[in-house]
There are 2 protein chains.
Amino acid sequence: MSQLAIAQIFKALGDPVRLQIVQRLSNGTALCMGELSKDLGISRQGARKQIQALVSAKVVQLHPVGREVKVQLDAVALQQGRDFIARLEAQWDKRLQALKQFTEQ
Amino acid sequence: MSQLAIAQIFKALGDPVRLQIVQRLSNGTALCMGELSKDLGISRQGARKQIQALVSAKVVQLHPVGREVKVQLDAVALQQGRDFIARLEAQWDKRLQALKQFTEQ
DNA sequence: CAAACATGCAACCTTTTGGTTGCATGTTTT
DNA sequence: AAAACATGCAACCAAAAGGTTGCATGTTTG
């Protein structure tokens, strides 16, 4: 996993509108564009661009069904994001432990 | 924790340069501005702006020491980011389990 | 005290982002 | 076949991001 790909995932999550979209998708069934675009406070086309940003970062996948397009969360991206942070925290903790040992001497 | 604050944390992590800065800080001791600015491929003042972005998102804290300014990672922000994703994943898993039960009937 | 060092701040520039509107196109429904 | 629906695409715009350079300021060091 490249740094850049990880950064793109975080970047995709780094916007209130996109965060809400992701949250809605984690909540239940895959939703279609139209439904997802509602109640975001922006136009349908505006929402579409945000969804496209999520697609580009591979946080979300599109599946055309008839005249609709279903939007589905990609759990892999979430995991990669969480793992990255977890690894940072592991290093952090390791250092804290070393510091603790040092002061205990 | 507001959606906006979380989005700001992710946004702060959503850039290769800032991600590298965070990674360096998780690694060891708090570094000062000058050291942190090296080998990022941008000017010192450019790096400074990126560090400021991390400060604004509370991913990092500044501590002036003499003529230097130490930069320290804030583990709380990391945890909040990871927790947010973990909660999304929990909902996701819950749904998968419900689906599994349904198909097993 | 002078030189070297670490940093801050402001002005400026280009590209990206986040949003809009208008119109075109394919798909159901009646 | 016509109407209604779901979506796509392009042009456009203002604001924010990411970077630069130049200069000012406080702090060590010799």
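Remember, predicted model here, so these are calculated numbers, not experimental data. Residue numbers start from 1 in every chain, and the chains themselves are labelled A, B, ... in the order their sequence lines are given, proteins ahead of strands.
Taking atom CE of residue B/Met33 and atom C1' of nucleotide C/dG8, one finds them 10 Å apart after rounding to whole Å. Straight-line distance from the CZ atom of B/Arg48 to the P atom of D/dA24: 20 Å, rounded to whole Å. Remark: C1' of D/dG19 and CD1 of B/Ile51 are 14 Å apart, rounded to the nearest angstrom. Atom pair B/Glu35:CD and C/dA6:C1' shows a separation of 11 Å (rounding to whole Å applied). The distance between atom CG of A/Asp15 and atom C1' of D/dA16, rounded to the nearest whole Å, is 12 Å. Atom NZ of B/Lys49 and atom C1' of C/dT15 are 13 Å apart (whole Å). To the nearest angstrom, C1' of C/dA6 lies 6 Å from CZ of B/Arg67. Distance NZ (B/Lys11) to C1' (C/dT16): 11 Å, rounded to an integer number of Å.
Counting any heavy atom pair closer than 4.0 Å across all strands shown, B/Arg44 reaches a base atom. Counting non-hydrogen atoms under 4.0 angstrom, A/Gly46 reaches a base of the nucleic acid. Among the protein residues, A/Gln50 comes within range of the sugar-phosphate backbone only, with heavy atoms under 4.0 Å from sugar or phosphate atoms but none that close to a base. B/Lys70 comes within 4.0 angstrom of nothing in the nucleic acid, heavy atoms only.
Considering only the side chain of A/Glu68, D/dA6 comes nearest among D/dA6, D/dG18, C/dC5. Checked against C/dT20, C/dT16, C/dA4, the side chain of A/Gln45 finds its nearest nucleotide in C/dT20.
OP1 or OP2 of D/dT20 lies within a sub-4.0 Å distance of a side-chain N or O belonging to B/Ser43.
Position along DNA chain C of the nearest nucleotide to B/Val69 versus A/Gly41 favours B/Val69 as the more 5'-ward residue.
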Using distance only, find each side-chain donor-acceptor pair of residues 51-63 of chain B under 3.5 Å and give its atom names and separation, not counting sequence neighbours.
residue	atom	partner	partner atom	Å
B/Gln52	OE1	B/Arg48	NH2	2.4
B/Ser56	OG	B/Gln52	O	3.1
B/Gln61	NE2	B/Asp74	OD2	3.2
B/His63	NE2	B/Gln72	OE1	3.0

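Between B/Phe10 and A/Phe10, the ring planes are parallel. Angles under 30° get that label, and only those over 60° would be called perpendicular.
Here B/Arg82 contributes atom CZ and B/Arg87 contributes atom CZ; the two are 10.5 Å apart, rounded to the nearest 0.5 Å. The CG atom of A/Leu31 sits 10.5 Å away from atom CD of A/Glu68, with the distance rounded to the nearest 0.5 Å.
Counting only distance, with no hydrogens or angles, the side chain of A/Arg18 and the backbone of A/Ala12 share a donor-acceptor pair below 3.5 Å.
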